[in-house]
Amino acid sequence: MAVSTKPARGMRDFLPADVRRREYVIGVVSAVFEAYGFEPIETPAVENIETLTGKYGEEGDRLIFKILKRGEGATSGEADLALRYDLTVPMSRVVAEYRAALPKFFKRFQIQPVWRADRPQKGRFREFYQCDVDATGSTAMTVEAEQLAAAADVLTRLGFGDFTIRLNHRQVLAAILDAAGVGRDLHGTALIALDKADKIGRDAVVTDMVARGVTAVAAGALVDLLFGLEGRDNAAALDALGAFIGTHETGARALGELREILALTAGLSAGPHVRIDATLARGLGYYTGAIFEINVADLAGSLGGGGRYDDLVGMFLGQKVPACGISLGLERILVVMSERGMFPASVERAPAAVLVANFDADARADVLALAAELRRDSGLAVEVYPDVDKLGKQFKYAAERGIPFVAVLGAQERASGEVAVKTLATGAQEAVARTRAAEYIVSNMGLFRG
RNA sequence: GUGGGUGUAGCUCAGUGGUAGAGCUCCGGACUGUGGCUCCGGCUGUCGCGGGUUCGAAUCCCGUCAUCCACCCCA
């Protein structure tokens, strides 16, 4: 065996138990999104490369998986296609392409894999699913509020109680930097330093900023502001930010938007989880307004994130279409749920409810017939042991797979028109009339419902 | 792209220069119409790969690959 049987780096195979868990989470996500009036769409795995480049910022562009051009590309290294990096950009392309056919307010959700040429680590893969909700056509903060509520509903229904939704605004960040006296050309690099505030501490942030060209006075002012916000509630934080930026026009308007989002979510599921965080920056290039990120204590990365991007669709259409969206990371959610054992018993269920034993070559046709009767009459999944084998092996197989009942149809049972049904959890076994076997199993099935 | 940890049986790992081990799993049997418990017996290895040092390398050195963790960034 010379060839490795492992999947490619950062990619994973999903065995039955994995798929069941994934489908459970996806089911909750779609049900919640649909309840908010979002409609599903799907787009191709592959996009023309120019659709993707220049949308994510320098760091993002570097992580795009490119596909060599057929033919001469194999030698020249030229790429004309790429695997999608997220779902937001393809969705924006779709909105631009089908603008006339789509409703004025287009609310879509999309649950599909995306690919990033990143270095894998805990909760980070090169192929992973995103669950995105986005709405185009409105600049109202009701959009942000509802999307935060939808995300909070999903997490709450999955059993999360301890998540934090960090909320900030790109224009607030810009206003703070302006007010501190940081030149526009240094905004990007200053944000990177600022983003680390909660990790590396006050002095390190100042040092970092100065190294990036920010004056010591400006860096000091920023740090005083940010660390002065610690421990304050949302209203106090917004007031402090407002005092700092003073009469800065776009900044004041942005703060107003954050106040509105807080007011609108206050009575919703998201309300208790939202926290103003002036250090939240987010690297993706296309955000223009409110930005958010969902975190949980036991994971370094985020469970989800998003924000408003009013110019992205316009990059394809040439006409401004406001948009806002939020993305939940399926694998991140699954990693935490698996570690915490948050899956309900119904998800960890056995593949079948009944195993029909097969130990008499002459009875094989009748065994298959019994299985068909049980499926029809009980509605349960019924599996037949394919090989003629010792009964002991078959009981062991059923026990290992977690199948709760074994039905035995041997010469004795066939002669008497009965089926021996054994309940593995209790060890109880009863001979029941073949016509009543399904009913017997169903009535005992309640013991195993989680 | 940067830094670090780990690669030995199907799995978890021990073995720090002298003939490759344990536990679990698996298979068979005790129990040829009954799983879990117990007991008995048995299988399994290019020690990640390539080179170097050495009389001798799983062990030391170099390289490489894989994987995990962290950084960056992100879901």
Side-chain angles (χ1 to χ4, degrees), chain A residues 1-2 4-12 25 29 56-64 85-88 111-132 151 188-189 191-193 195-196 199-200 208 280-285 287 291-296 299-307 325-336 355 357-360 363 385 388-414 419-431:
Chain A
M1 174 91 68
S4 169
T5 53
K6 289 192 169 130
R9 178 171 201 191
M11 316 267 174
R12 290 149 311 146
V25 174
V29 171
Y56 304 109
E58 199 179 323
E59 183 71 19
D61 280 3
R62 205 164 55 76
L63 300 178
I64 294 171
Y85 177 90
D86 71 355
L87 301 177
T88 306
I111 301 172
Q112 285 193 281
V114 303
W115 292 267
R116 295 182 188 178
D118 215 335
R119 192 139 158 186
Q121 56 178 279
K122 183 179 180 183
R124 170 183 289 178
F125 307 96
R126 290 182 149 189
E127 176 183 57
F128 62 96
Y129 272 65
Q130 289 192 322
C131 311
D132 277 34
T189 184
L191 284 179
I192 293 171
D195 194 30
K196 297 186 211 163
K199 289 177 202 159
I200 63 177
D208 194 9
L280 176 66
R282 295 188 62 78
L284 287 180
Y287 292 119
I291 47 179
F292 13 87
E293 194 164 299
I294 303 172
N295 297 90
V296 84
L299 191 72
S302 62
L303 245 38
I326 190 162
S327 177
L328 293 174
L330 178 64
E331 350 289 315
R332 296 266 167 97
I333 290 172
L334 285 162
V335 163
V336 177
L355 177 74
N358 175 20
F359 70 105
D360 175 356
Y385 195 91
V388 173
D389 206 345
K390 288 167 129 177
L391 267 184
K393 298 271 187 63
Q394 305 193 37
F395 276 92
K396 191 175 177 186
Y397 175 81
E400 279 167 356
R401 303 204 75 198
I403 298 172
F405 300 97
V406 174
V408 177
L409 185 65
Q412 297 164 24
E413 289 80 8
R414 294 173 76 201
V419 177
V421 179
K422 181 161 181 176
T423 306
L424 292 188
T426 62
Q429 180 168 323
E430 279 190 56

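Lettering of chains follows the sequences in order, A, B, ..., and the numbering in each one begins at 1. All values derive from a computational prediction rather than experimental measurement.
Of the candidates B:G35, B:G33, B:G28, B:G35 carries the atom nearest the A:Phe395 side chain, counting heavy atoms from C-beta on.
Both distances falling under 3.5 Å, in either a Watson-Crick or a G-U wobble arrangement, place B:G1 opposite B:C71. Applying the Watson-Crick and G-U wobble criteria (two distances, each under 3.5 Å), B:A66 pairs with B:U6. Nucleotide B:U38 forms a Watson-Crick or G-U wobble pair with B:A30, both donor-acceptor distances falling under 3.5 Å. Of the nucleotides present, B:U12 is the one that pairs with B:A22 by Watson-Crick or G-U wobble criteria, both distances under 3.5 Å.
Remark: C1' of B:A75 and CD1 of A:Ile111 are 14 Å apart, rounded to the nearest angstrom. Atom CD of A:Gln429 and atom P of B:G36 are 15 Å apart (whole Å). Protein atom CG of A:Leu330 is 10 Å distant from nucleotide atom C1' of B:A75, rounded to whole Å. In this structure, CZ of A:Arg9 is placed 19 Å from P of B:G48, rounded to the nearest angstrom. One atom, CG of A:Leu303, and another, P of B:A75, lie 12 Å apart when rounded to the nearest Å. Distance NZ (A:Lys390) to P (B:U34): 10 Å, rounded to an integer number of Å. Going from atom CG of A:Leu355 over to atom C1' of B:G35 covers 11 Å, rounded to whole Å. The interatomic distance linking A:Arg401 (CZ) with B:G36 (P) rounds to 18 Å, in whole Å.
For the atom pair CZ of A:Arg126 and CZ of A:Arg9, the computed distance is 5.0 Å after rounding to the nearest 0.5 Å. Going from atom CG of A:Leu299 over to atom NZ of A:Lys122 covers 6.0 Å, rounded to the nearest 0.5 Å. Rounding to the nearest 0.5 Å gives a distance of 9.5 Å between CD of A:Gln429 and CG of A:Leu424.
Rounded to a whole angstrom, the distance from the P atom of B:C61 to that of B:G5 is 12 Å. Of the P atoms belonging to B:C43 and B:U53, the separation is 38 Å, rounded to the nearest Å. Here the separation of B:G10 from B:C49, taken at their P atoms, is 13 Å to the nearest Å. Distance check on atom C1': B:A30 versus B:C68 gives 45 Å, rounded to whole Å.
Counting all heavy atoms, side chain and backbone alike, A:Ala357 lies closest to A:Gln394 at CA-OE1, 3.0 Å. Counting all heavy atoms, side chain and backbone alike, A:Asp360 lies closest to A:Val388 at N-CG1, 4.1 Å.
In this model, no donor atom of one side chain and acceptor atom of the other lie less than 3.5 Å apart for A:Asn295 and A:Ser302. In the model, A:Tyr56 has a side-chain atom that pairs as donor or acceptor with a side-chain atom of A:Asp86 under 3.5 Å.
Among A:Arg124, A:Arg12, A:Gln130, the one residue that satisfies the side-chain hydrogen bond (donor to acceptor under 3.5 Å, both in side chains) test with A:Glu331 is A:Arg12.
At the heavy-atom level, A:Lys422 lies under 4.0 Å from base atoms of the strands shown. Nucleic acid contact class of A:Gly57 (heavy atoms, under 4.0 Å, all strands): none. Base engagement by A:Phe125 is indicated by at least one non-hydrogen atom pair under 4.0 Å involving a base atom. Note on A:Ala411: a base of the nucleic acid sits closer than 4.0 angstrom, heavy atoms only. A:Val114 comes within contact range of no nucleotide atom at all, as no heavy-atom separation falls under 4.0 Å. A:Glu413 comes within 4.0 angstrom of a base, heavy atoms only.
If A:Ser327 and A:Ala399 are placed on RNA chain B by their nearest nucleotide, the residue sitting closer to the 5' end is A:Ala399.
No side-chain heavy atom of A:Asp389 sits under 4.5 Å from any side-chain heavy atom of A:Phe359.
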Which atoms of nucleotides 71-74 of chain B (N or O only) lie under 3.5 Å from a protein N or O atom, and what are those distances?
from	atom 1	to	atom 2	distance (Å)
B:C72	N4	A:Gln121	NE2	3.3
B:C72	N4	A:Arg124	NH1	2.4
B:C72	N4	A:Arg124	NH2	2.8
B:C73	O2	A:Arg124	NH2	2.7
B:C73	N3	A:Arg124	NH2	2.2
B:C74	OP1	A:Gly283	N	2.1
B:C74	OP1	A:Leu284	N	2.7
B:C74	OP2	A:Gly283	N	2.9
B:C74	O3'	A:Arg116	NH1	3.3
B:C74	O2'	A:Arg116	NH1	2.2
B:C74	O2	A:Arg332	NH1	3.3
B:C74	O2	A:Arg332	NH2	2.7

Identify all pairs in which a protein N or O lies below 3.5 Å from an N or O of nucleotides 23-26 of chain B, and state each distance.
from	atom 1	to	atom 2	distance (Å)
B:C26	OP1	A:Glu400	OE2	3.3

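A:Glu59 is linked by a salt bridge (charged side-chain N to carboxylate O under 4.0 Å, His left out) to A:Arg62, counting only residues two or more places apart in sequence or in another chain.
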>> Between A:Leu355 and A:Phe405, is the side chain to side chain contact (heavy atoms under 4.5 Å, CB included) condition met? List the steps.
In response: CA-CA 6 Å; A:Leu355 177 74; A:Phe405 300 97; over 6 Å; no
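Under 3.5 Å, the side chain of A:Gln412 and the base of B:G33 form at least one donor-acceptor pair of N or O atoms.
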